[in-house]
Amino acid sequence: MANCSRYRSSRISGLAMAASLALPAVGVVPRPALAQDEAPFNASCLIEASAQAKLGASVSGLVKNVYVDRGSHVKTGQIVAELDADVERAALAVARARAENDHEIRSTTSRLEFLSRKTKRLTRLAKAAAAPEESRDETDTDLKLSVQAVREAELNLHMAQLEAARSETLVEQRIIRSPFDGIVVERSLSPGEYLHDQAHVLSILRVDPLYVEVYLPLEHFGHVQLGDLAEVAPKEVAGQFVASVLLVDPFIDAASATFGVRLKLDNPDGKIPAGLQCTVKFHARPAGEGSQGNGAAYVNVMRETME
């Protein structure tokens, strides 16, 4: 039996050795390096405004005032133009007067207090048989009607306040405000002209921050990450400026084999105008940064044996 066991163990060991010689060996090779391991690369780009708005009104009407012109700097919420609103302002004045008039509530409340006292007196007299029941019933009814009158007066005042708020909204609809800090680049209408639903009075651009639009070839897809920094060199403007990657298209344009990247370029002093062509230089990121690692990951591959 001992001899059989030794024979079986030696046979298994021999088969295992033969199998290791026949099967291909498994090894590891590093994954191809990503953008952080590549040399910096340049690309052509275009500097654009980060927002553009054509300002109009939600209602049609005659333009009364335009307070800014082309080239003017505007702030968020600033009144830049307004339509004629004389009728709406007159209606607002009437609505506010009604909303502030609480005389009806005061008078009905005073009558309610009087009837309440009168009811208490008649109740005491009725208990002493000094007043007829009809008088007490009549006073109780007047008291209940007075309570309803106070509630109705309060409701009327609330409705007047709502009407005043509505009138304020109608006036506000004829006031045109800037939705963001920017620069006026076009003035389409002047006072006296009519603004219809398809027209606009002004066009403004937001130039802080600016957007840098660039299209990169397919070979760089996956190598540019959100938050990466790049150097932007505008034409006709001296100097280089740092921008950060704000958006990377998750798709490829089949016709050109490119994908889009948008960078955010701060421009607090307005030194860089929108509309300039530029060159952007993407720098390699330090190893270990980015969602795709530093190229140190490994993959298993099969190698064929040599005879």
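Here the structure is a predicted model, which is why all the values come from computation and not from measurement.
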For the atom pair [atom1] ([X]) and [atom2] ([Y]), what is the distance rounded to the nearest 0.5 Å?
X	Y	atom1	atom2	answer
L195	L189	CG	CG	6.0 Å
L157	R98	CG	CZ	12.5 Å
I204	S72	CD1	OG	11.0 Å

[atom1] of [X]: more than 12 outside heavy atoms within 6.0 angstrom?
X	atom1	result
F180	CZ	yes
E193	CD	yes
R106	CZ	no

Should V245 and V224 count as side-chain neighbours, where that means a heavy-atom distance under 4.5 Å?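 Yes; the side chains approach each other to less than 4.5 Å.
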Quick check: do V74 and I183 have side-chain heavy atoms less than 4.5 Å from each other?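 Not touching, per the 4.5 Å side-chain cut-off.
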Between the side chains of [X] and [Y], is a donor N or O closer than 3.5 angstrom to an acceptor N or O?
X	Y	result
S146	R111	no
Y67	E82	yes
S188	H200	yes
S256	D253	yes

Hey, can you tell me if F41 and F282 have their rings parallel, tilted or perpendicular (30° and 60° cut-offs)?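 If you compare the ring of F41 with that of F282, the planes turn out parallel.
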Inspect the contact between [Y] and [X] and indicate whether a charged nitrogen and a carboxylate oxygen are less than 4.0 angstrom apart.
X	Y	value
R151	E154	no
E88	R174	yes
E138	K118	no
D86	K64	yes
E168	R96	yes

Using the rule that Ile, Leu, Val, Met, Phe, Trp and Tyr join whenever any side-chain heavy atoms are under 4.5 Å apart, tell me whether [X] and [Y] fall into a single cluster.
X	Y	answer
Y215	F259	no
V261	L218	yes
L83	L55	yes

Could you walk me through whether R262 and E48 satisfy the salt bridge (charged side-chain N to carboxylate O under 4.0 Å, His left out) test, starting with their C-alpha distance in whole Å, then the side-chain angles of each, then the deciding distance to 0.1 Å, before giving a yes or no? CA-CA 10 Å; R262 173 179 293 172; E48 297 182 348; 5.8 Å; no
Any idea which heavy atoms bring [X] and [Y] closest together, and the distance?
X	Y	value
D228	H223	OD2-O, 4.1 Å
A243	V232	CB-CG2, 3.8 Å
P209	S50	O-OG, 2.6 Å

Quick check against the 3.5 Å criterion: does [X] have a side-chain atom that pairs as donor or acceptor with the backbone of [Y]?
X	Y	answer
N156	E152	yes
N65	A81	no
D249	F251	no
Q225	G222	yes
S116	L112	no
N267	L210	no

Once side chain to side chain donor-acceptor pair (under 3.5 Å) is applied, do any residues pair with T76, and if so which ones, sequence neighbours excluded?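 By the side chain to side chain donor-acceptor pair (under 3.5 Å) rule, T76 matches D181.
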